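For reference, the structure discussed in these notes is given below.
Reckoned from all heavy atoms, side chains included, excluding hydrogens, waters and symmetry mates. As the structure is a prediction and not an experimental result, all values here were calculated from the model. Chain letters run A, B, ... following the sequence lines, proteins first and then strands; every chain starts at 1.
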Amino acid sequence: MKFDSIIIGGGLTGLVAGISLQSKGKKCLIVSAGQSALHFFSGSFELCSAPGDYEDALATLPSSHPYSRMGVARTLELASGVKDFFLSSSIKLSGEDKRNHFRITPMGVLKPAWLTLDGYASVPSDRKMPWKKVLVANVGGFLDFHSDFLMAGLEKEGVECIPYIINIPELDRLRTNPTEMRSTNIARALTGNVLCELASQLSKAGAGCDAILLPAVLGLNDPENANSLKARMDIPVEFVATLPPSVPGIRTQLMLKAHFQSLGGTFLMGDTVNEGVFEGNQLKGIKTVNHADMVFQADNFILATGSFFSRGIKASSTEVFESVFGLDVDYTEERPQWYSPDVFEKQPYMEFGVRTDDKFRVSRDGNVLSNVYAAGSVLSGFNGLKDGCGAGVSILTALDVADRIANGF
Amino acid sequence: MKQDKGTHYDVIVIGGGITGAGTARDCSMRGLKTLLLERFDFTAGATGRNHGLLHSGARYAVTDQESATECIKENMILRKIASHCVEETDGLFITLPEDDLAFQSTFVASCQKAGIRADVIDPKEAILLEPSVNPDLIGAVRVPDGAVDPFRLTIANVVDARMHGADILTYHEVTNLIKDGDRVVGVELVNTNDGSRCQRYADLVINAGGIWGHKIAAMAGATVNMFPAKGALLIFGHRVNNIVINRCRKPADADILVPGDTISLIGTTSSRVPYDQIDDMKVTPQEVDLLLREGQKLAPSLATTRILRAYAGVRPLVAADNDPSGRSISRGIVCLDHETRDGIPGFITITGGKLMTYRLMAEWATDLACKKLGKNVPCTTAQTCLPGSGEEPKKKASGKTFGISGLGKRAARGRHGTLSSKIENSDKFNSSLVCECEEVSVGEVNYAIKELDTYNLINLRRRTRVGMGTCQGELCACRAAGLLAKASGCAVKAEEDLAKFMNERWKGMYPVAWGETLCEAQFTSWIYEGVCGLDAFHTGKTAK
């Protein structure tokens, strides 16, 4: 089977690259093993957590950072189109043009955010809290969200909080199995008539509040249930992230995937690339576990397999390696240098990833592969967690690489 | 500070390890008014940092007959009185091609002399019994080793001491001993949580502080010649073996593989460490490599098994009084009467020994205490079951509709024995699992908070295994922190505790952070620091 481009990895990076290429008329295949960082989505994409306007913030990043390698101007140019890009997949994001606003974490901490998914609670860049008094509601017995932590954080910011426990008989069915009371199962139950009951409970309990904050457990497939709840209420309802799995994260992935497919893209779910067919310094095709007898051919390839937790990069006790093709990796050889003893300090291993040239092309045994690009968390040279740029690097390097492939530069 | 009349005891026991807990149990069972003190949490020292091996004594049979004999006696007693803490797995002593097979007959003869059953079996039979064992073995001996959960065992002793009237104070550190002339009459304490100070008085103070007992003896003006010996171990992500595997040779590094609950443990190394390091044990890459290399000789599959964490404990080895150099070190029990030894009445030290012989250590210390206090009550700890073992309490009829589900209930029964009947099941929220790896329910967490001196996540881990499983606290830590916040009414404190807990988990993970362990570590960082926004500020290290 022959494609224009094959993308390995169906997470945020792979889908953005796929949609971008497919909209430019390129025939794409995405091979996805099924895991994605979107499954523990915070509700917001971050660009860079350094203080100040983006232009100044981006300039503070080290030269190894993918943004620095693209250049600040190019990075910001790509960033300016992201809202519309997601809107084309019916995903509504909001954020300020020049600087970070804040998302509210489940612990009630304000963290810098670039673009926040529609419906999530957020605070503008001046940190002025949008409410004086809120109802903090949780589903009774749901352990992956704790109102107490959120309330403690909000109270520090001067917001008065009223706790409320949602008690809906339909959810008791979930309690018969001790592991069922999780976000995705609740999302499946909170639909149809149950939403009426929920709206009536919340309206009553939230009377006199400026907003109602809810764990993000509505709408696994589309935003319909969340919108339907909001439509039934006079008080604004806003969501706060839960522990994984993230219902809106899964929804975002599904919607991006649906958009990619509607553009004519092919998505192989639950399959893993296990072999490359190389010719000189070019990759000609790949083989997968589920289609062992078939070679998927393409002109270009994008590696979007993620970092350690997505298994794009792996470590043994003696070395760090790229998991699909054994590509060249940037890492420190001595294992004791991989870590910092304090978990909250900068961890050097977080910056390990594949080595790429100035066009994000990967190399093998020191030789650049002229048609294989890498994008997102699999790249080396940045710490997505500490620099607050994980999603930004995923989206922007995906767009950059897609642009290079489509326009041949 | 004035002495409060209500705080005078017959005995004060210092140290919340297994020795202190066992001594407090024995003292209170013999009718002594007892106070047990622990500066942090129960099992925070060597008790919680060993193999959890229910020694048959075979390991010591050739080199130390006395220890071997003590071990097999206590082994048989613990199977009876602490059945819910013990797994009767048996053990194999295997001979590998690089070992001397002639040692086997010496070993078997020594075992028999010490009263330890030791059956020579065919290597092929050994492989059938324990498929994970190195198939190259040339000899095998089967002995009555087992596994014992030191956390459970200690808590059972604490619970029993309390049931017999003992008072218990965790997070109280002895800062000084109060003396009247030469006699020790009490202790000065600092609350290690809030810094407040108080005093407690007793006719007799028993020092059961393990390696830290050296410092406590010094407060009394006595010298106990101790030698801190570090032992490092690795925990594997699943239960590799069902029978304890040892090497049939003189005791050496990394030659015991013990199954325990859901995991297996390989250990240990042995190295002297200076005193100023005993509160901060780090496992070095060299130790990890050695443990892995030697461990694979016992069970080759360890090479491809995920390592959950690495940790190290400090053995309180004691030099004989006539040997200040420490060359003649014994692992036997040392019970010092400081009145006759140093002219310091009112003070006893119980040390040396092993997890296996804690009950006997407690018996010796309590015998001496009774003698000094003029009490003539015999020891009954060898015949009396610990709470959790023994007869199931009669259940009251109840019309409750929600119960702890099969999974959580069975796991809780394993952890708390018959005491698991005290776990609340009246609330429909209680059956939810907080920790899926170890099947810990909300009800069990709440039981630990209410009944088992649980104030933070580390306490909870030691009581229930929350955060001990393959995910090392990935999601369960946050769930449990929420329940602790609810119970204490202080979310801010619970968040700080959560941050500290994540750091404590990382401390054991980073020496072995590759493969799946590194994946989990990165994921956990993204959840807690990324999604939740927990950071160094919460550990109290940096100002915001």
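- Contacts between A/Thr242 and chain B at a heavy-atom distance below 4.5 Å involve the backbone alone (N, CA, C, O).
- The aromatic rings of A/Tyr339 and B/Trp506 sit perpendicular, their planes meeting at an angle over 60°, well past the 30° parallel limit.
- Salt-bridge check for A/Arg182 with B/Glu436: passed, with a basic side-chain N closer than 4.0 Å to an acidic carboxylate O.
- Of the two parts of B/Val288, only the side chain, counted from C-beta on, holds a non-hydrogen atom closer than 4.5 Å to a non-hydrogen atom of chain A.
- Of the listed residues (A/Gly390, A/Ala152, A/Gly384, A/Ala241), the one with the most heavy-atom contacts under 4.5 Å to chain B is A/Gly384.
- The candidate with the highest count of non-hydrogen atom pairs below 4.5 Å against chain A, out of B/Ala481, B/Cys490, B/Cys476, B/Gly489, is B/Ala481.
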- Task: Show your reasoning for whether side-chain contact (heavy atoms from CB on, under 4.5 Å) applies to A/Arg175 and B/Phe429.
- Result: CA-CA 8 Å; A/Arg175 295 182 216 285; B/Phe429 298 146; 3.3 Å; yes
- Query: So B/Asp289 and A/Ser317, side-chain contact (heavy atoms from CB on, under 4.5 Å) or not? Walk me through it.
  - Reply: CA-CA 9 Å; B/Asp289 292 344; A/Ser317 65; 5.7 Å; no
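- For B/Leu498, the part lying near chain A is the side chain, with the backbone staying farther off; criterion is any non-hydrogen pair under 4.5 Å.
- The choice from A/Gly140, A/Gly108, A/Gly153 that makes the most heavy-atom pairs within less than 4.5 Å of chain B is A/Gly140.
- Residue A/Tyr349 touches chain B through its side chain alone, counting heavy-atom pairs closer than 4.5 Å.
- Aromatic ring orientation, A/Phe40 versus B/Phe523: perpendicular (interplanar angle above 60°, classes split at 30° and 60°).
- In terms of non-hydrogen atom pairs under 4.5 Å with chain A, the most contact-rich of B/Ala485, B/Ala513, B/Pro511, B/Pro285 is B/Ala513.
- One finds the CE atom of A/Met107 at 4.5 Å from the SG atom of B/Cys532 (value rounded to the nearest 0.5 Å).
- Neither the backbone nor the side chain of A/Thr318 comes within contact range of chain B, judged by heavy atoms closer than 4.5 Å.
- For B/Ile527, the part lying near chain A is the side chain, with the backbone staying farther off; criterion is any non-hydrogen pair under 4.5 Å.
- Rounding to the nearest 0.5 Å places CD of B/Gln522 at 9.5 Å from CD1 of A/Ile313.
- Between chain A and the residues B/Lys486, B/Met502, B/Met509, the most heavy-atom pairs under 4.5 angstrom are made by B/Lys486.
- How far OG1 of A/Thr105 is from CD of B/Glu529: 12.0 Å, rounded to the nearest 0.5 Å.
- With a 4.5 Å cut-off on non-hydrogen atoms, A/Lys314 does not touch chain B at all.
- Heavy-atom pairs under 4.5 Å with chain B were tallied for A/Ser340, A/Gly43, A/Ser310, A/Gly141; the largest tally goes to A/Gly141.
- For chain B, no part of A/Asn138 is nearby; none of its heavy atoms comes within less than 4.5 Å.
- Separating the CG atom in A/Asp342 from the CG atom in B/Asn503 is a distance of 4.0 Å, to the nearest 0.5 Å.
- Note: B/Tyr528 OH to A/Phe344 CZ = 10.0 Å, rounded to the nearest 0.5 Å.
- Heavy-atom minimum distance, B/Ser432 versus A/Met181: OG-CB, 3.9 Å.
- Ion pairing between A/Arg311 and B/Glu516 holds under the 4.0 Å rule for side-chain N and carboxylate O.
- Rounding to the nearest 0.5 Å gives a distance of 6.0 Å between SG of B/Cys478 and CZ of A/Phe149.
- For the residue pair A/Gln347 and B/Ser525, no side-chain donor N or O sits within less than 3.5 Å of a side-chain acceptor on the partner.
- When heavy atoms are compared at a cutoff of 4.5 Å, A/Pro336 approaches chain B solely by way of its side chain, counted from C-beta outward.
- Contact annotation for A/Leu385: both backbone and side-chain heavy atoms come within less than 4.5 Å of a heavy atom of chain B.
- Counting heavy-atom pairs closer than 4.5 Å to chain A, the top residue among B/Ile307, B/Val442, B/Val434, B/Leu518 is B/Leu518.
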- side-chain contact (heavy atoms from CB on, under 4.5 Å) between B/Leu483 and A/Leu143, intermediate numbers included: CA-CA 8 Å; B/Leu483 297 174; A/Leu143 297 170; 4.2 Å; yes
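- Considering only heavy-atom pairs separated by less than 4.5 Å from chain A, the leading option among B/Thr517, B/Leu475, B/Thr524 is B/Leu475.
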